[in-house]
Student: 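This is the structure I have questions about; it appears just below.
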Amino acid sequence: MSHLPVLPVLILLLTAPVCLIINRVNVAWLMTVLASILALVCAWQILGQVLSSGPLTYALDGWEAPFGIEYRIDLLSAWMLFIISLLGSLVALFARQSIAYEIEPSRQVYFYVAYLLCFGALMGVVSSGDIFHIFVMLEISALSSYTLIAMGRNKLALWASFQYLILGTVGATFILIGIGLIYAMTGTLNIADIAERLETVEQSRTVITAFVFMTLGTLLKLALFPLHLWLPNAYTYAPSVASAFLAATATKVALYLFIRFTYTVFGADFLPMSIILVALGITAAVVGSLIAISQTNLKRLFAYSSVAQIGYLVLGLGMANQTGLTSTLIHTFNHALMKGALFLSLGAVVYRLGDSTFKEFFGLGQRMPLTMAAITIACASLLGLPGTAGFISKWYLVSAAIENDWWLLAGVILMSSLATAVYVWRVIDAGYFQPAVNTQRSEAPIVMLAPMLLLAFANIYFGLETSFTLMVVDGITSSLLGGGQ
Amino acid sequence: MPDQLAYWLIIGLMMIGLYIVIAHANLIKKIIGLSIMQISVFMLYIGIAYVEGGAIPIIDANTILYSNPIPHVLILTAIVVGIATVALAMALIIRINEAFGTIEEDELAAGAGEQ
């Protein structure tokens with residue numbers, strides 16, 4: 001039996017205590033980077049194997065499913081593993097100087113430990129085929145992300161972290177209730193088993209209650225409007241590195257759970273969810289973009305933009321057709337690329353200029369030309385300009401709306417893009433067309449620039465060369481929709 | 001009805017916990033509410049595991065009917081998760097008290113608004 005499926009999770013989770021014991025900042029950073037890259041290599045191997053020979057399974061400790069905990073990596077899981085580990089590695093590479101600047105020396109090692117735990121646990125959530133194991137991993141990642149957020153420089157970070165803790169724990173408890181009710185109905189915790197047995201007991205009130213609790217719990221974790229209240233503060237006050245990591249991966253994992261529960265466990269047409277998701281998704285997209293326009297702190301601006309983008313992700317699911325699902329899955333990857341690039345760039349700006357309000361951005365095109373270029377590309381992608389990754393996801397989203405003959409909705413999606421254009425333009429305008437107080441060039445150091453520019457480049461690359469993403473995503477949609485019928 | 005009584009009580013407890021989380025401004029009380037809510041879920045699991053007339057799940061030649069041990073095991077794990085959450089929340093409250101000088105939500109929100 002090959003141990004490959006469990007390796008990414010194990011490497012990351014085991015490196016964390018080692019970092020804690022060694023207790024040297026530079027060693028901790030180096031080990032974080034090495035572990036992340038190893039995890040990325042494993043995830044890449046897994047993706048290759050799943051693409052060529054179907055889902056991988058791994059029985060933890062040799063206990064065969066459904067009695068033991070099983071890691072079951074199908075194409076969707078492999079795709080998520082790849083996204084998380086790609087972003088996690090780049091953010092880890094970027095982290096050293098940003099962390100040294102933003103976090104006081106005595107706490108820096110703890111940051112890396114919490115980062116590794118969060119990273120490893122997120123990988124665990126997407127690998128696992130056992131519903132209770134998913135809950136435990138989700139809580140490990142959530143607890144470590146509260147820690148990451150609380151380490152921000154501003155004391156409001158503590159308050160943001162506490163609010164997230166309350167809402168996150170309520171969400172997790174809801175998921176736990178759902179798992180309990182499902183166990184009561186089916187007598188198993190293995191996802192494949194549950195899906196099989198639920199077909200025979202469907203439409204009992206207990207199953208519907210379980211579904212509602214699990215949906216609410218995951219939507220709270222996903223921060224779908226109007227359950228998004230924890231997100232803007234958390235992303236604004238967290239250390240820049242943590243914002244970048246959480247924005248790019250944590251919400252994606254919540255989305256993964258939602259897709260997994262809806263499509264694999266309960267079956268795609270379980271409840272008339274479509275209209276609810278469309279309504280919430282489009283409201284999130286419009287309201288998030290409108291609130292983003294009036295922000296003065298760029299981290300908060302892009303946090304609200306995340307709320308809007310989560311709206312697009314959910315909207316794609318709500319379309320309930322293959323094109324919509326495709327748009328969601330592509331956008332999961334593309335949004336991770338955009339938000340990764342943006343929050344890392346903001347981290348570089350904070351590192352050089354001390355803060356990330358519009359004041360720092362005046363004349364940024366002269367002071368930090370490469371950083372500003374990365375921001376511009378990521379913003380273009382956020383807006384969905386042709387030639388960027390964002391265009392592909394928006395194209396599929398609008399096509400999905402038109403496929404359903406929802407012309408009005410397609411119009412509203414385009415209108416919300418207009419709101420996006422307004423706040424994106426404010427950023428570009430501040431960077432290139434406002435006079436700088438100080439025009440001295442102070443570009444970010446190379447270790448920060450490299451991951452940032454790589455992500456910005458990826459935004460263009462995956463906007464022009466779509467065959468890889470489309471091939472993977474087509475495989476996922478056909479297996480999800482095929483399994484649901 | 002009587003065999004569902006336990007579930008009604010558990011749901012009641014759950015709602016009490018959730019109500020405390022929402023209604024109370026004091027952060028410690030919020031955490032108490034959160035704990036009550038979590039504990040009600042633990043009891044839900046124990047309720048699910050109950051088998052009428054079932055014995056303790058230790059294999060014995062004379063018994064045929066056992067209560068289900070798996071929810072008990074799951075709940076042990078969930079209790080650990082709950083403790084970790086409460087511990088982290090308490091640590092955060094201490095830091096919040098040091099930084100803001102209060103642990104009342106409305107005063108914190110007012111303080112946050114001034115910045």
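So that the names make sense, note that chain A is the first sequence line, chain B the second, and so on, each numbered from 1.
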Student: What's the separation between atom CD1 in A:Ile177 and atom CG in B:Leu44, rounded to the nearest 0.5 Å?
Tutor: 7.0 Å
Student: Could you state the interatomic distance from CG (A:Leu181) to OH (B:Tyr45), rounded to the nearest 0.5 Å?
Tutor: 8.0 Å
Student: Taking side chain as everything from C-beta outward and backbone as N, CA, C, O, which of these in A:Phe132 sits under 4.5 Å from a heavy atom of chain B? Side chain, backbone, both or neither.
Tutor: side chain
Student: Kindly indicate whether the side chain of B:Phe100, heavy atoms from C-beta on, has any atom under 4.5 Å from the side chain of A:Leu156.
Tutor: yes
Student: Rounded to the nearest 0.5 Å, what separation is found between the CG atom of A:Leu158 and the CD1 atom of B:Ile94?
Tutor: 11.5 Å
Student: Can you measure from CD (A:Gln163) to CG (B:Leu92) and round to the nearest 0.5 angstrom?
Tutor: 11.5 Å
Student: Once rounded to the nearest 0.5 Å, what's the spacing between atom CE of B:Met14 and atom CZ of A:Phe174?
Tutor: 8.5 Å
Student: With a 4.5 Å cut-off on side-chain heavy atoms, are A:Phe135 and B:Thr77 touching?
Tutor: no
Student: Could you work out, with side-chain contact (heavy atoms from CB on, under 4.5 Å) as the rule, every residue matching B:Ile36, not counting sequence neighbours?
Tutor: B:Leu13, B:Ile20, B:Ile32
Student: Of the listed residues (B:Val81, B:Leu34, B:Val21), which shares the most heavy-atom pairs with chain A below a 4.5 Å separation?
Tutor: B:Leu34
Student: Decide yes or no for A:Phe162 and B:Ile103: does some side-chain heavy atom of the first lie under 4.5 Å from some side-chain heavy atom of the second?
Tutor: no
Student: Do any of residues 164-172 of chain A come closer than 4.5 Å to chain B, heavy atom to heavy atom, and if so which ones, in number order?
Tutor: A:Leu165, A:Ile166, A:Thr169, A:Val170
Student: Can you name the closest pair of heavy atoms from A:Gly180 and B:Ile48 and give their distance?
Tutor: O-CD1, 3.3 Å
Student: Given side chains that start at C-beta, do those of B:Leu74 and A:Leu189 come closer than 4.5 Å, heavy atoms only?
Tutor: yes
Student: So do B:Glu105 and A:Trp159 actually touch side chain to side chain, heavy atoms under 4.5 Å?
Tutor: yes
